[in-house]
Number of protein chains: 2
Amino acid sequence: MSQSLANPPPGRFIDDYLLYLLARTSHLISTEFHELLRRRGISVPVWRVLASLVGSSGETVTGLAETCLLQQPTMTKLLDRMVRDGLVKRTQDTRDRRVVRVALTARGEMMATDLVQAAKLHETEVLARHPEAEAVGIKELLRAVVARQARPRRG
Amino acid sequence: MSQSLANPPPGRFIDDYLLYLLARTSHLISTEFHELLRRRGISVPVWRVLASLVGSSGETVTGLAETCLLQQPTMTKLLDRMVRDGLVKRTQDTRDRRVVRVALTARGEMMATDLVQAAKLHETEVLARHPEAEAVGIKELLRAVVARQARPRRG
DNA sequence: AGGCGACGAATGCATTTTCATGCTAACCCG
DNA sequence: CGGGTTAGCATGAAAATGCATTCGTCGCCT
């Protein structure tokens, strides 16, 4: 029962609150890259879809929504816009006619590849800037947390 | 000797992309708590404001926006609703009449205190579930990253 | 004091997101 | 097979958000 073991700067509750620290870190670091997107006129959700589709031959709408941390109706409408803008195309799955397969168009592919390159560059900068994060293997750590946390899909 | 010296799972780009891992982790863990909020009919932004205001005698609108990772106009409108719902009150700063001080009402205070307690409980569960995160001092790590990252005050 | 630039908050409109629901196709089980 | 259930996606009205701009106040500087 000793909260004094750690060293929380006991100012605000949230400054020692894990969920807030995670959200803030994510937001703070991502914002940097998001400004690059903004300069190119690409919204964050669009970037997420593009990044999710590189190297894929077709993802489902629901799968994309989950990956991009969006709700399914939001993804449907986002895809509407991306189809309109010629970034992705929808095709019907032949085995299961309920399923819609989403894939990049040539234009989307080009844009995605380009952005992924920029993202990798940025990531390198970020890791270089925060050596202690790399030292503890932050990516492996996060992957492990995600893997364990990943929802038991019913059952 | 970890096997992760090379590229771990070269499936999708994003699965080894730091910014995505951060966002996904944050989202995945937060979602748990957000469901508790949902059951009580409280939105995430409202919760963030409440949590930001416990123990405070008055924050500015812009300050709250930054803390809650929202834009200032969004915060203004969010506060409109929270005032309407009797959770917070606005008062004019006497020293600087541009500034609006936002503070919890009695009802807001009660709700906030209650939720903070639940949040602390949940945090404990989460940390217990992910021992390796606690082992590396995840909170201290994130605090350090935020502190270093937050420096560039753009203008 | 007067003027100018910066700051803090609010506003208006367009866009996006949400929530609940509808629809079709596949599954399951008797 | 047929009826009920579930999965996958779309839709529509209402709410929230983003972006640019506006309004009022302050600081500074001469």
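So that the names make sense, note that chain A is the first sequence line, chain B the second, and so on, each numbered from 1. No experiment lies behind these values; they were computed from the predicted model shown. Side chains included, hydrogens not; waters and symmetry mates left out as well; all remaining heavy atoms used.
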Item to complete: List the steps and the verdict of salt bridge (Lys or Arg N to Asp or Glu O under 4.0 Å) for B:Arg95 and B:Asp93.
Response: CA-CA 6 Å; B:Arg95 302 184 171 282; B:Asp93 188 302; 5.8 Å; no
Item to complete: Have a look at A:Pro45 and say if it touches a base, only the backbone sugar-phosphate, or nothing, with a 4.0 Å heavy-atom cut-off.
Response: sugar-phosphate
Discussion item. Mind checking if B:Gln72 touches a base, just sugar-phosphate, or nothing, with heavy atoms under 4.0 Å?
Written reply: base
Worksheet entry | Closest listed nucleotide, where the reference is the side chain of B:Asp96 and the choices are D:dC19, D:dC26, C:dG8 | D:dC26
Worksheet item: Which one, C:dT17, D:dT11, C:dA9, comes nearest to the side chain of A:Arg81?
Response: C:dT17
Worksheet item: A:Thr74 near the nucleic acid: base, sugar-phosphate alone, or nothing, with a heavy-atom cut-off under 4.0 Å?
Response: base
Worksheet item: Within the modelled atom types, does a donor on one side and an acceptor on the other bring the side chain of A:Lys77 and the base of C:dT15 under 3.5 Å apart?
Response: no
Discussion item. So that I can tick it off, tell me whether A:Arg143 and B:Asp16 are bridged by a salt bridge, with the cut-off set at under 4.0 angstrom between side-chain N and carboxylate O.
Written reply: yes
Worksheet item: So, B:Ser52 side chain and B:Leu64 main chain: donor-acceptor pair closer than 3.5 Å or not?
Response: no
Worksheet item: Which is true for B:Ser43 with a 4.0 Å heavy-atom rule: it touches a base, it touches only sugar-phosphate, or it touches nothing?
Response: nothing
Fill in: Side chain A:Arg98 and base C:dA26 donor-acceptor under 3.5 Å
no
Discussion item. C:dT24, OP1 or OP2 - any side-chain N/O from A:Arg97 closer than 4.0 Å?
Written reply: no
Worksheet item: Taking only N and O in the side chain of B:Thr62, is any of them less than 4.0 Å away from OP1 or OP2 of C:dG8?
Response: no
Item to complete: Determine, for A:Arg129 against A:Glu32, whether the closest basic-nitrogen to carboxylate-oxygen distance falls under 4.0 angstrom.
Response: yes
Practice prompt. With heavy atoms under 4.0 Å as the rule, sort B:Arg90 into base, sugar-phosphate or nothing.
Written response: sugar-phosphate
Worksheet entry | Same apolar cluster (I L V M F W Y, side chains within < 4.5 Å links), A:Leu127/A:Leu141 | yes
Worksheet entry | Residue-phosphate contact under 4.0 Å: A:Thr60 side-chain N/O, D:dG8 OP1/OP2 | no
Worksheet entry | Spacing of B:Arg38 atom CZ relative to C:dT18 atom C1', expressed in whole Å | 11 Å
Discussion item. If I take atom CZ in residue A:Arg101 and atom P in nucleotide D:dG8, what distance separates them, rounded to the nearest angstrom?
Written reply: 10 Å
Discussion item. With a 4.0 Å limit, can you tell me whether B:Arg95 has a side-chain N or O closer than that to the phosphate oxygens OP1/OP2 of D:dG27?
Written reply: no
Practice prompt. Return the nearest nucleotide to the side chain of B:Gln71; candidates are D:dG18, C:dG8, D:dA10.
Written response: D:dG18
Response to the item:
Atom CE of A:Met82 and atom P of D:dA10 are separated, to the nearest Å, by 14 Å
